[in-house]
Engineer: 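First, the structure itself, so that you have it in front of you.
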Amino acid sequence: MAFPKNSFLLLFVLICSLSLNAWAKVDMTMEESVEVYLGDSAGIPCQYVFSEQPRAFMIQWFVRNPSSSSRERIYYGDNAQQIVDDGTDFTGRITVSNVGDKEGVLLTIQDVQLTDEREFFCQVNGMAAGNGEGKTHLRVFDPPMAPVIEGVHAGISVTNELPSKIASCEARNGFPRPNITWYRGISPLTPTHGQINVVILVTRESSGFYTVQSELQYKVAKEDKDVLFSCEVSYYVPGAVRTAESKGINITVHYPTTVVELWKESPQGLVKEGDTVEIRCQGDGNPPPPFTFNREQEQETALEASDDTLVLREVTRGDSGVYQCRSLDLDTYEEVMGDVQLIVHYLDPALVVPKDSEIMFKGESLTATCNALSSLETFTVWFKNGQQVGTGHMLFLQDATYDTAGEYVCEVTVPSLPGLHTSGSVHIIVQGAPQMKDADREVEMEEGAGKWVNLSCEAHAHPLPTISWTVTGSQSWREVLTSATEHSTISLVSVKVTSDITAFCNATNEMGTEAKSFSISISAIPMVTSTAPYSPAEGNGVIIVVVIICILLLAVLASVLYFLHKKGKITCGRSGKQEITKENPNKDGIVVEMKTDTKTEEAVLLKGVSGDKNGPSNQYMDLRK
């Protein structure tokens with residue numbers, strides 16, 4: 001084949017040009033990816049090095065379309081101009097600048113959007129100096145919202161054969177797509193056949209964000225009733241991976257009852273007759289099964305109860321025994337039983353021997369017993385007139401006297417159960433001849449003639465004695481008082497002293513007689529006593545006290561008047577006024593007027609200390625005499 005002459009020339013130029021380009025070279029340096037938060041600014045550097053210095057070169061930036069593999073130019077620049085292409089997604093948001101003292105440029109993208117996550121191409125053309133191209137993948141990140149977990153409200157039975165849904169977790173509006181991991185306590189859960197299933201639903205929102213929903217299906221066991229389940233979302237951020245954990249939730253686990261416990265709720269401690277007893281039943285299943293109560297010896301008879309509580313009111317010893325509680329699990333139809341023993345303690349009424357009352361003769365001995373049947377150990381104390389006289393269930397009365405007579409009360413208590421107590425009593429009667437105090441010696445007295453003397457006698461005996469008096473030496477006497485108590489008789493007589501008197505008090509009953517004598521002699525010194533016989537409204541004691549007080553007052557008054565006589569003169573008139581004077585020494589004296597409110601009282605005349613004898617009336621007396 002023949003070629004034109006000019007064709008050889010063109011071919012030579014082409015070969016020379018290709019040879020020159022083959023020797024020219026451009027080294028491109030770009031990062032594989034650049035990561036940035038949504039809304040921030042992203043910088044993509046493009047560095048290049050020519051093997052020989054070009055006379056002119058141009059730089060172009062391209063971006064790959066997300067819907068196709070085609071590329072779109074967004075920037076052009078050379079030695080003369082720099083142009084940002086119009087009509088692209090980056091118009092108005094990008095700038096290109098030099099990179100320091102190095103050969104290269106920096107593409108800056110403002111307000112990065114999710115759609116900006118693409119491949120960016122940097123193309124350098126140095127003509128004869130060569131050309132080159134590099135690319136960087138821009139990655140955009142936005143963390144999702146905190147995960148929201150929601151548990152299943154209904155109970156989940158351990159008898160379910162397949163895993164059941166127990167909770168769901170959602171992480172909204174994240175980019176790129178977040179991941180969800182489930183935890184049981186602090187242990188992560190991984191799908192396991194027949195035990196754990198995880199169902200994930202990923203939604204791409206119109207805004208470009210991802211929403212991830214995860215459902216945990218789990219085969220529960222009884223041990224899961226106290227365990228917290230949670231979910232954790234993991235997501236990417238520039239240069240790292242972060243996590244956020246949800247709150248923990250507890251699920252309701254239904255499991256059959258395997259153990260039933262029965263116990264006495266109240267009263268605390270020992271139970272006595274009359275108490276109200278509450279017996280409670282509790283099983284370890286959930287939900288609690290219905291309970292049935294019965295006594296061990298009457299298993300076919302159900303006792304009336306309220307839910308898990310059996311109430312026994314005013315129990316007696318007959319309520320003692322073993323009580324049972326039964327539960328029937330509706331899932332497994334298995335019956336579980338628990339029991340408790342109830343002991344009702346008692347204390348029977350006290351039985352006292354001798355019963356009611358007992359007659360003893362003086363000098364005799366008696367043993368009284370007090371017994372009360374009880375389910376616990378008892379303690380017995382004997383009392384008489386409120387005073388403790390013995391302990392133990394036996395009381396020994398020896399060498400009985402009239403002081404032995406009376407009511408004896410035994411009180412029986414249970415130290416270990418203070419609420420139990422009872423009592424009984426016996427009345428002791430001591431029978432014998434009359435007995436009087438100081439009957440073996442004669443009572444001697446002195447009294448003024450014409451005065452009345454009161455004599456008394458008290459005799460103890462059973463049966464009650466009668467008292468009679470024998471008086472010699474006086475015709476004027478009379479019995480003014482006779483009274484009787486349960487164990488004694490009292491008699492009181494008034495005797496007028498006219499001469500020496502002998503009186504006898506005689507106490508008599510079926511068992512014998514006791515006598516007491518009184519001897520009254522006439523006193524040589526007149527004594528101030530009553531001239532009237534004894535009245536129950538008055539007494540010798542009152543008269544004696546009045547007489548003593550009067551004598552003491554008179555002695556004090558006489559001492560005062562004598563002292564005043566030595567110091568001066570004092571005159572007292574009827575009006576009660578006192579006059580002290582020195583002009584009339586011849587009339588030096590003291591006159592005392594004593595007034596009374598009743599006509600029956602008389603003025604007491606005192607010994608005078610003045611020479612004057614005259615006075616207004618017989619109520620005045622010269623104090624010097």
Engineer: So, using salt bridge (charged side-chain N to carboxylate O under 4.0 Å, His left out) as the criterion, who are the partners of D40 when residues are at least two apart?
Structural biologist: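 Result, salt bridge (charged side-chain N to carboxylate O under 4.0 Å, His left out) vs D40: none returned.
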Engineer: Would you compute the distance between atom CD1 of I74 and atom CG of D86 and round it to the nearest 0.5 angstrom?
Structural biologist: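 Output value for this atom pair is 12.5 Å.
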Engineer: For N65 and R71, which I'm curious about, is there any donor-acceptor pair between the side chains at under 3.5 Å?
Structural biologist: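 On atom types as modelled, these side chains do not qualify, holding no pair under 3.5 Å.
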Engineer: Taking only residues two or more places apart in sequence or in another chain, which ones pass side-chain contact (heavy atoms from CB on, under 4.5 Å) with N173?
Structural biologist: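 Per chain and number, N173 pairs via side-chain contact (heavy atoms from CB on, under 4.5 Å) with M145, E205, F209, T211.
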Engineer: Indicate whether any N or O donor in one side chain lies under 3.5 Å from an N or O acceptor in the other, for E215 and Q217.
Structural biologist: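 Judged by distance alone, the side chains do pair up.
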Engineer: Residues in ring pair (Phe, Tyr, Trp, His ring centres under 6.0 Å) with Y183, at least two apart?
Structural biologist: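 Checked Y183 against ring pair (Phe, Tyr, Trp, His ring centres under 6.0 Å); zero matches.
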Engineer: Among pairs that include at least one residue of residues 134-162, which meet salt bridge (Lys or Arg N to Asp or Glu O under 4.0 Å), considering only residues two or more places apart or in two chains?
Structural biologist: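 Of all non-adjacent pairs touching residues 134-162, those that pass salt bridge (Lys or Arg N to Asp or Glu O under 4.0 Å) are E119-K135.
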Engineer: Can Q282 and E261 be said to form a side-chain hydrogen bond (donor to acceptor under 3.5 Å, both in side chains), step by step?
Structural biologist: CA-CA 5 Å; Q282 181 176 343; E261 182 181 5; over 6 Å; no
Engineer: Do the rings of F57 and F50 sit parallel, tilted or perpendicular, given the 30° and 60° boundaries?
Structural biologist: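 Tilted: the ring planes of F57 and F50 meet at 30° to 60°.
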Engineer: For the residue pair V409 and K384, establish whether any side-chain heavy-atom pair is separated by less than 4.5 Å.
Structural biologist: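 The answer is no; the side chains never approach within 4.5 Å.
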Engineer: Output every pair passing side chain to side chain donor-acceptor pair (under 3.5 Å) with a member in residues 239-250, not counting sequence neighbours, ordered by first then second residue.
Structural biologist: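 Every side chain to side chain donor-acceptor pair (under 3.5 Å) pair that includes a residue of residues 239-250, provided the two are not neighbours, is S230-E245.
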Engineer: According to the salt bridge (Lys or Arg N to Asp or Glu O under 4.0 Å) rule, which pairs have a member within residues 224-237, sequence neighbours left out?
Structural biologist: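 Residue pairs with at least one partner in residues 224-237: R184-D224.
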Engineer: Output yes when D116 and R93 qualify as a salt bridge under the 4.0 Å nitrogen-oxygen rule, no when they do not.
Structural biologist: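 Salt bridge between D116 and R93, a charged N being under 4.0 Å from a carboxylate O: yes.
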Engineer: Got a sec, which pairs hit ring-ring contact (aromatic ring centres under 6.0 Å, His included) with one end in residues 220-249, sequence neighbours left out?
Structural biologist: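 Every ring-ring contact (aromatic ring centres under 6.0 Å, His included) pair that includes a residue of residues 220-249, provided the two are not neighbours, is Y218-F229.
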Engineer: When you compare the side chains of N294 and Q299, does any donor N or O come within less than 3.5 Å of an acceptor on the partner?
Structural biologist: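 No, no side-chain donor-acceptor contact under 3.5 Å.
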Engineer: Among T252, V158, V253, exactly one meets side-chain contact (heavy atoms from CB on, under 4.5 Å) together with N286. Which residue is that?
Structural biologist: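 For N286, the side-chain contact (heavy atoms from CB on, under 4.5 Å) test succeeds with only one of T252, V158, V253, which is T252.
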Engineer: Between the side chains of W382 and T391, is a donor N or O closer than 3.5 angstrom to an acceptor N or O?
Structural biologist: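 Their side chains do not contain a donor-acceptor pair, so the 3.5 Å distance test is not met.
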Engineer: Are E133 and Q123 close enough that a side-chain donor and a side-chain acceptor fall under 3.5 Å?
Structural biologist: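 Note: E133 and Q123 side chains meet the donor-acceptor criterion.
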Engineer: Would you find more than 12 non-hydrogen atoms of other residues, nucleotides or ligands less than 6.0 Å from Q387 atom CD?
Structural biologist: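 No - once you tally the heavy atoms of other residues, nucleotides and ligands closer than 6.0 Å, there are 12 at most.
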Engineer: Using only atom types and a distance under 3.5 Å, with no angle test, would you say the side chain of K272 pairs donor to acceptor with the backbone of T316?
Structural biologist: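 No, K272 side chain to T316 backbone: no donor-acceptor pair under 3.5 Å.
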Engineer: Any ring-ring contact (aromatic ring centres under 6.0 Å, His included) involving residues 279-325? Give me the pairs, sequence neighbours left out, ordered by first then second residue.
Structural biologist: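 Residue pairs passing ring-ring contact (aromatic ring centres under 6.0 Å, His included), neighbours aside: none found.
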Engineer: For E265, check side-chain hydrogen bond (donor to acceptor under 3.5 Å, both in side chains) against everything at least two apart and list the hits.
Structural biologist: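 Once residues adjacent in sequence are excluded, the partners of E265 under the side-chain hydrogen bond (donor to acceptor under 3.5 Å, both in side chains) criterion are W263.
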Engineer: Could you check if a side-chain atom of K264 sits within less than 4.5 angstrom of a side-chain atom of V271, using non-hydrogen atoms only?
Structural biologist: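 They are in side-chain contact.
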Engineer: Does a salt bridge link R280 with D307, judged by any charged N lying under 4.0 Å from a carboxylate O?
Structural biologist: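 Answer for the salt bridge query: no.
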Engineer: Please tabulate, for side-chain N and O atoms in residues 107-115, each donor-acceptor pair with protein atoms closer than 3.5 Å (sequence neighbours left out).
Structural biologist:
| from | atom 1 | to | atom 2 | distance (Å) |
| --- | --- | --- | --- | --- |
| Q110 | OE1 | S41 | OG | 2.8 |
| D111 | OD1 | Q113 | NE2 | 3.1 |
| D111 | OD2 | Q113 | NE2 | 3.1 |
| Q113 | NE2 | D111 | O | 2.9 |

Engineer: Got a second to check how far D78's CG is from Y76's OH, nearest 0.5 Å?
Structural biologist: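 D78 atom CG to Y76 atom OH measures 3.5 Å (nearest 0.5 Å).
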Engineer: Decide side-chain hydrogen bond (donor to acceptor under 3.5 Å, both in side chains) for S375 and H345; before the verdict, give the C-alpha distance in whole Å, the side-chain angles of both, and the deciding distance to 0.1 Å.
Structural biologist: CA-CA 6 Å; S375 57; H345 295 283; 2.9 Å; yes
Engineer: Going by distance alone, is a donor N or O of one side chain under 3.5 Å from an acceptor N or O of the other, for T91 and T88?
Structural biologist: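 Judged by distance alone, the side chains do pair up.
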Engineer: Could you check whether F120 and F90 have their ring centres less than 6.0 Å apart?
Structural biologist: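 Between F120 and F90, which both carry aromatic rings, the centre distance is below 6.0 Å.
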Engineer: Determine, for F121 and R64, whether the Lys NZ or Arg CZ falls below 6.0 Å from the six-membered ring centre while staying within 45 degrees of the axis.
Structural biologist: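 Pair R64/F121 does not count as cation-pi.
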Engineer: Can you pull out every ring-ring contact (aromatic ring centres under 6.0 Å, His included) where at least one residue sits in residues 156-177? Sequence neighbours excluded, please.
Structural biologist: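 Residue pairs passing ring-ring contact (aromatic ring centres under 6.0 Å, His included), neighbours aside: F175-Y210.
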Engineer: Please tell me if the side chains of K355 and V426 come closer than 4.5 Å, counting only heavy atoms from C-beta onward.
Structural biologist: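 Not in contact.
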Engineer: Before giving the answer on salt bridge (charged side-chain N to carboxylate O under 4.0 Å, His left out), spell out for R317 and D348 the whole-Å C-alpha distance, their side-chain angles and the decisive distance to 0.1 Å.
Structural biologist: CA-CA 11 Å; R317 67 194 70 180; D348 286 344; 2.6 Å; yes
Engineer: Are V212 and I200 side-chain neighbours, meaning at least one heavy-atom pair lies under 4.5 Å?
Structural biologist: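 Heavy-atom side-chain distance check passes, below 4.5 Å.
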Engineer: Please indicate whether Q388 has more than 12 foreign heavy atoms, meaning atoms of other residues, nucleotides or ligands, lying under 6.0 Å from its CD.
Structural biologist: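 Counting other residues, nucleotides and ligands, CD of Q388 exceeds 12 neighbours.
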Engineer: Which residues pass the salt bridge (charged side-chain N to carboxylate O under 4.0 Å, His left out) test with D85, not counting sequence neighbours?
Structural biologist: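 Applying salt bridge (charged side-chain N to carboxylate O under 4.0 Å, His left out) to D85 gives R73.
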